[in-house]
Amino acid sequence: MSVLIIADLQNGQLKKSNAEIISYGAAIAKQVNGSASVLVLGNCSDNLANLGAWGATNVYQVADAALSEVNPSLYISAIESVINQIDASIIIFSNNPTSKAVAPGLSARLEAGLVSGACALPELVNGFTVKKTVFSGKAFADVNILTAKKIIILNPNSVNIPYTAVESKISTITVSLPASSSRKVTAVNKIEGEIPLTEAEVVVSGGRGLKGPENWGVLLDLAKVLKAGTACSRPVGDAHWRPHHEHVGQTGVQIAPNLYIALGISGAIQHLAGVNRSKVIVVINKDPEAPFFKAADYGIVGDLFEVVPKLTAAIQELHAAG
Amino acid sequence: MKILVCISKTPDTTSRIAFIDNNTRFDESGVQWIINPYDEWYALVRAIELKEKDPATVLHLVSVGGADCDPILRKALALGGDEAFRINLQSNDSFAVAKQIEALCKKEQYNLIFTGKEAIDSNNGALGGMLAALYQAEYIPLATRFELTAEGCSVTREMDGGEETISCSIPAVISCQKGMAEQRIPNMRGIMGARTKPLHVIEPEQVKELTAITNYQLPAPKAGVKLVSADNVAELVRLLHEEAKVI
Ligand SMILES: Cc1cc2nc3c(=O)[nH]c(=O)nc-3n(C[C@H](O)[C@H](O)[C@H](O)COP(=O)(O)OP(=O)(O)OC[C@H]3O[C@@H](n4cnc5c(N)ncnc54)[C@H](O)[C@@H]3O)c2cc1C
Ligand SMILES: Nc1ncnc2c1ncn2[C@@H]1O[C@H](COP(=O)(O)O)[C@@H](O)[C@H]1O
């Protein structure tokens, strides 16, 4: 049984998340006595040989310019063709807007069972069972994939698998793509100069406790010394204190950074639903009864306007010392 | 223009999450059901706005589920919409659900299908993409803006590191999230009117499931918060550096 990992590309470059999905796919290949291959769709300016570091024995590239934009039907056709050519049976994606556009359609086309939001390696004792998050991170479900072909979308930052470097063989592969539809991209609006929230290892987040948009300086200073992404609670987004895309929670972005620092956020259940997969949570809130402390690993009860500048300075000191 | 909005029933966001029957089923006792927020606030309201702009628009709603979906569909009808369909199948498998909705689409020939970005219980975000592939429609997930155009539609969607605007033909399936519309509250006239709007119950097609949930678990409880005094911020930095090793 062979495993096919769909490389995660942005602007023709390999994203950091590839380390996790490739080592995950390589570990599954070991479980099923198969090999792990990576598929790179579209042009890529990075050195594909590097993908061997995470355990990919084969790297296939479809360097068709038509794939530089994510058109689901073209992507589905291309992946389906590669699956048939190399006889892959387990397909791995990273959870992001591209896989959300492609993997479900591929699942329907191949009638291959899909687990979206996986967070662990499969269990092979009773069939093929993959754990995923449900109820916005408040629980897990074990999902048995009943079909021979299987598709898994892995949540970022959820497994930590040691890599085994291998020599990888790189080849181009040709696929016939369907005639392009009338679909076209008419505008692109990139968020420049910020660390994308879902990829940030550290996130600093602010709530109504900051009192107004003019006070965000303390938060941004802290984020800067930590090279952190910035987030906010829903009322903050709704009041336009911060852009909508920073709103995390049940109805906003769901994130799983290594470190989440919450400033002046009460910790409502709907907020927690978006951040409870963070490895370490730090809460700074002046109310010792704030529910967020129950979900936190570390906390300071105090006025954020006094505590946060001190914290920023202490981290700067740490960096200067180290 | 014929529009279908897919409505899923989810537990209220404050519901206690627990499992019964040896952790194989969600404990529904005491749970209050709501329309999945993405379906209600964004997909349904945007569809209603399109109908308000062009009253000739036909707006249908569909839920795949048991009889406990009926109050949810009535509430959705109170917000707007002409007719609702409930396909009488209970399944956790997105493919089996998508096949049911595809059958309705083939019969009714919808031009546009709106779904939510994801159901807040399944967290799959999969149904729309499956339906689009089956119904051979364009698919645009994670949409934040939708407009009809002469050629079809123009849709802005979230992508890695920003947003893009796509123009495409219809039929199209659009999964909706924040930005699409503003939440509305049903008014008395809507609620009264919804009582007499048709709610058809259809028996499902025979389809196979591709996946099955075998077991649920709750996450291990947190060890408890370590509080650091506000006068000793350096101690927090030390803990994050040496103990948690995250900075
Ligand atoms: C269906 C539904 C979905 C929702 N989805 C989301 C979602 O996705 N994301 C989300 O965030 N919310 C969501 N909410 C809203 C949620 O219930 C809360 O209302 C919201 O998270 C509260 O935001 P907050 O913590 O910023 O504000 P508040 O609850 O007002 O908390 C402000 C906190 O700041 C503290 N504070 C004040 N001054 C200071 C100071 N000087 N120093 C330190 N601390 C201070 C206070 O003690 C308080 O704890 C949703 C609600 C519903 C009903
Ligand atoms: N049983 C269902 N009946 C009708 N629509 C559904 C159902 N399940 C999911 N949907 C729709 O598909 C979207 C995505 O759901 P999911 O793929 O389960 O995350 C939801 O926001 C709904 O719009």
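Keep in mind that the numbers below use all heavy atoms, side chains included, and drop hydrogens, waters and symmetry copies. Chain naming here is simple, since letters A, B, ... match the order of the sequence lines and numbering starts at 1 in each.
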Residues Thr13(B) and Gln250(A): side-chain donor-acceptor under 3.5 angstrom: no

Neighbourhood of chain A inside residues 207-228 of chain B, taking heavy atoms under 4.5 Å as contact: Lys208(B), Glu209(B), Leu210(B), Thr211(B), Ala212(B), Ile213(B), Thr214(B), Asn215(B), Tyr216(B), Gln217(B), Leu218(B), Pro219(B), Lys222(B), Gly224(B), Val225(B), Lys226(B), Leu227(B), Val228(B)

Side chain proximity check, Asp121(B) to Val134(A), heavy atoms < 4.5 angstrom: no

With Arg277(A) via side chain to side chain donor-acceptor pair (under 3.5 Å) - residues at least two apart: none

Asp160(B) side chain near Asp8(A) side chain, heavy-atom distance below 4.5 Å: yes

Within-4.5 Å side-chain heavy-atom neighbours: Val282(A) and Leu236(B): yes

Flag, side chain of Arg109(A) to backbone of Leu134(B), donor-acceptor distance under 3.5 Å: no

Thr144(B) vs His244(A) side-chain heavy atoms within contact, under 4.5 Å: no

Engaged part of Lys227(A) at the chain B interface, taking heavy atoms whose separation is under 4.5 Å: neither

Heavy-atom closest contact (Lys100(A) atom, Tyr139(B) atom, distance): O-CE2, 3.7 Å

Contacting moiety of Ile145(A), where chain B heavy atoms sit under 4.5 Å: both

Shortest non-hydrogen contact between Ala230(B) and Ile300(A), atoms and distance: CA-CG2, 3.7 Å

Any donor-acceptor N or O pair under 3.5 Å, side chains Asn258(A), Lys245(B): no

Gap separating the NE2 atom of His241(B) from the NE2 atom of His319(A), nearest 0.5 angstrom: 8.5 Å

Chain B contact via Glu201(A) - side chain, backbone, both or neither, heavy atoms under 4.5 Å: neither

Minimum heavy-atom distance between Pro104(A) and Ala126(B), given as atom pair plus value: CB-O, 3.2 Å

